[in-house]
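Some notes on the structure that comes next.
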Amino acid sequence: MKNKMLLVVISIMLLFTVACGSKDESSTTKADDKKTDQKETSDKQDDIKRPEGSIEIEKRVYFYNYYELNGDPGEGITPEQGASLLADEFLISNGAVESLEGNKCIFIYFVNVKTLDAMDGKECYIYEVELGSVDVDGTKSADSELLYVVAVDYSGKKASVVQESDLDEDSSGWNGTFKLYDYSIRISDYDGERFNYEIINTRSGEDILAGTSYVESSDYTIADSGELDLFLSYDHMKVEIRSYGETDWSSLDGEYSRVD
């Protein structure tokens with residue numbers, strides 16, 4: 001009798017083990033199938049070809065240069081670096097890029113250069129940021145949506161979202177102060193064609209020279225005051241003064257750095 005009871009218990013245990021094993025195996029198989037499906041979907045979504053004419057600055061973020069610069073940014077950042085700065089501050093840190101699904105991508109277009117009061121009178125790169133999609137063959141869809149317009153001060157490396165009204169504002173009246181040793185030069189009312197300047201001996205407070213300088217070249221602003229030449233760097237961060245030979249103004253020659 002005891003032997004029969006023992007056999008029954010063993011049989012029940014074996015049936016339970018087989019049933020549980022089948023259930024676990026079935027669950028594992030389903031879970032593995034689900035993971036495989038998810039991986040295939042993810043691989044398909046990530047397998048996006050870079051759109052023609054763009055530069056990939058971040059996964060699913062593409063930069064287009066639609067504006068030709070007339071000069072060199074000097075010590076400032078390039079348009080591509082400005083786009084990377086924009087992406088870091090407005091697309092990556094807030095999780096916008098990470099949340100992109102399917103074939104959605106973000107496009108950054110460099111479209112203009114403007115001096116903006118909204119950016120403390122600094123000359124800035126202007127970018128349009130759009131949300132769109134790209135097919136696996138690299139074809140950019142025509143369903144892009146403008147998210148915002150961003151200005152990047154390429155000298156101070158600062159980015160800010162701007163409104164249309166900021167872009168339409170009159171940028172004349174730009175001012176800046178530059179210093180070298182005991183001299184400073186104050187530029188005011190710069191409008192792209194001419195500006196006023198005032199050179200001061202900062203040690204004695206004496207006014208050395210003042211007048212209006214007319215721009216002769218916009219590539220690297222060269223202005224003739226009639227007394228000397230002033231070269232304003234493209235990023236408005238340096239002014240170089242060159243006198244005409246051995247004159248009373250020769251001591252002013254040199255490269256002045258912006259201090260405000």
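Bear in mind that the values here come from a model prediction, so they are computed numbers and not experimental data.
Using a cut-off of 4.0 Å between Lys/Arg side-chain N and Asp/Glu carboxylate O, R242 and E240 are scored as salt-bridged. Ion pairing between a basic and an acidic side chain is recognised when a charged N comes within 4.0 Å of a carboxylate O; R203 and D182 show such pairing.
Checked by atom type, the side-chain pair E123/Y154 shows a donor-acceptor distance below 3.5 Å. In this model, a donor atom of one side chain and an acceptor atom of the other lie less than 3.5 Å apart for N196 and T212. For S133 and K104, the side-chain atoms include no donor-acceptor pair closer than 3.5 Å.
No side-chain heavy atom of L180 sits under 4.5 Å from any side-chain heavy atom of I185. V61 has its side chain out of reach of I92: every pair of non-hydrogen atoms, C-beta onward, lies at least 4.5 Å apart. The closest side-chain heavy-atom distance from Y125 to V113 is below 4.5 Å. Between L91 and E58, the closest side-chain pair of non-hydrogen atoms is not below 4.5 Å. Residues I108 and V150 fail the side-chain proximity criterion, which asks for heavy atoms closer than 4.5 Å.
For Y66, the OH atom is densely surrounded, since the number of other residues' heavy atoms within 6.0 Å is greater than 12.
Listed for the Y127 side chain is a donor-acceptor partner under 3.5 Å among the backbone atoms of P79. A donor-acceptor pair under 3.5 Å is absent between the side-chain atoms of K49 and the main chain of P51, judged by distance alone. Using modelled atom types, one side-chain atom of Q81 and one backbone atom of T78 make a donor-acceptor pair closer than 3.5 Å.
Criterion: ILVMFWY side-chain heavy atoms under 4.5 Å apart, direct or through other members. Under it, I200 and Y197 are not part of a common hydrophobic cluster.
Seen from the ring of Y64, K140 counts as a face-on cation partner, given the 6.0 Å and 45° thresholds.
Residues meeting the side chain to side chain contact (heavy atoms under 4.5 Å, CB included) test with L146, sequence neighbours left out: E128, E130.
The aromatic rings of F110 and Y67 stand perpendicular to each other, their planes meeting at an angle above 60°, with 30° marking the opposite boundary.
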